[in-house]
Amino acid sequence: EVSLASGSDGSFALPVPDMTDFQVNVTPPSDRGDLGALSLTLNATADINTDVVLAVGPNISGRLTDGAGRPLAFAEVEVSVVGDSSNVVNRTRADAQGYYSLNVASGTYDIHLRTVNEYNSTALNLPYSYVQNVRTQHVVTSDATLDLQLPMYRIAGNIVTSEGSAVKNARIRITQNYWVSDGTRT
């Protein structure tokens with residue numbers, strides 16, 4: 001087996017023995033989740049000079065909104081390998097109106113929505129940083145519009161003393177727990 005990474009200009013050159021029917025597998029770098037891999041079968045009976053074209057994958061675009069339909073300005077869409085949210089294939093940030101667009105290679109992915117409240121009005125009542133898996137095992141084979149709405153629920157109640165008196169002007173803060181690999185949460 002012989003392998004190398006292409007140069008900064010995309011060029012490559014590999015020595016191969018005189019043989020028939022060998023496989024050339026080209027995998028894009030990890031930061032190019034918009035490109036698909038390619039496999040070629042070649043015969044080396046003389047030098048071969050060929051360009052390998054990696055196709056840009058389908059486009060996913062749409063609008064990100066909260067539960068009330070308000071845009072999630074500058075929220076981030078992450079597309080990851082199914083079941084492995086740390087293996088992000090591509091990500092993008094929405095514009096001020098919540099619109100986003102990105103390309104990924106054809107495949108099946110989990111899609112995550114990440115908000116950072118420094119970009120969104122506090123009127124959205126979101127935690128400062130929020131991550132939500134909004135689609136699981138989403139199949140991407142062609143360009144698609146995928147509008148994503150952040151699921152919103154309501155927590156309501158009363159703040160009272162142990163004697164049952166109402167507590168005025170108490171501050172309520174919501175944070176998200178993150179699970180770590182050993183099963184504990186932070």
Residues in salt bridge (charged side-chain N to carboxylate O under 4.0 Å, His left out) contact with Arg32, at least two apart in sequence or another chain: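 Arg32 satisfies salt bridge (charged side-chain N to carboxylate O under 4.0 Å, His left out) with Asp34 only.
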Separation of [Y] [atom2] from [X] [atom1] (nearest 0.5 Å):
| X | Y | atom1 | atom2 | answer |
| --- | --- | --- | --- | --- |
| Leu54 | Thr27 | CG | OG1 | 8.5 Å |
| Thr145 | Arg63 | OG1 | CZ | 13.5 Å |
| Ile159 | Asn169 | CD1 | CG | 11.5 Å |
| Asp110 | His138 | CG | NE2 | 11.0 Å |
| Arg91 | Asp31 | CZ | CG | 11.5 Å |
| Ser3 | Asn25 | OG | CG | 10.5 Å |

Side-chain heavy atoms of Asp143 within contact of Pro58, under 4.5 Å: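 A side-chain contact under 4.5 Å exists here.
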Side chain to side chain, Leu35 and Val56, heavy atoms closer than 4.5 Å: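 In short, these two side chains touch, coming nearer than 4.5 Å.
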Pairs touching residues 47-58 that satisfy side chain to side chain donor-acceptor pair (under 3.5 Å), sequence neighbours left out: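 Sorted pair list comes back empty.
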Test item: side-chain donor near acceptor, Ser80 and Asn87, under 3.5 Å: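 No.
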Polar contact flag, side-chain donor to acceptor under 3.5 angstrom, Thr92-Glu76: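 Their side chains do not contain a donor-acceptor pair, so the 3.5 Å distance test is not met.
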Single-linkage hydrophobic cluster, 4.5 Å side-chain cutoff, Val88 and Val79 together: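 Hydrophobic grouping puts Val88 apart from Val79.
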Leu38 reachable from Leu4 in the ILVMFWY side-chain graph, under 4.5 Å edges: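 Yes, because Leu4 and Leu38 connect within a single hydrophobic cluster, where side-chain heavy atoms sit under 4.5 Å apart.
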[X]: partners by side chain to side chain contact (heavy atoms under 4.5 Å, CB included), with sequence neighbours left out:
| X | value |
| --- | --- |
| Val24 | Phe22, Val26, Leu40, Leu42 |
| Thr161 | Glu163, Ser165, Val167 |
| Thr108 | Val82, Gln137, Val139 |

Please report, to 0.1 Å, the donor-acceptor pairs under 3.5 Å made by any side chain of residues 96-104, with sequence neighbours excluded.
unit_1: Tyr100; atom_1: OH; unit_2: Leu146; atom_2: O; d: 2.6
unit_1: Ser101; atom_1: OG; unit_2: Asn59; atom_2: ND2; d: 2.8
unit_1: Asn103; atom_1: ND2; unit_2: Gly57; atom_2: O; d: 2.9

Criterion side-chain contact (heavy atoms from CB on, under 4.5 Å) on Thr41 and Gln23, from CA distance to verdict: CA-CA 5 Å; Thr41 301; Gln23 287 295 123; 2.5 Å; yes
side-chain contact (heavy atoms from CB on, under 4.5 Å), paired with Leu72, selected from Leu148, Val77, Leu113, Thr65: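 Filter result, single survivor: Leu113.
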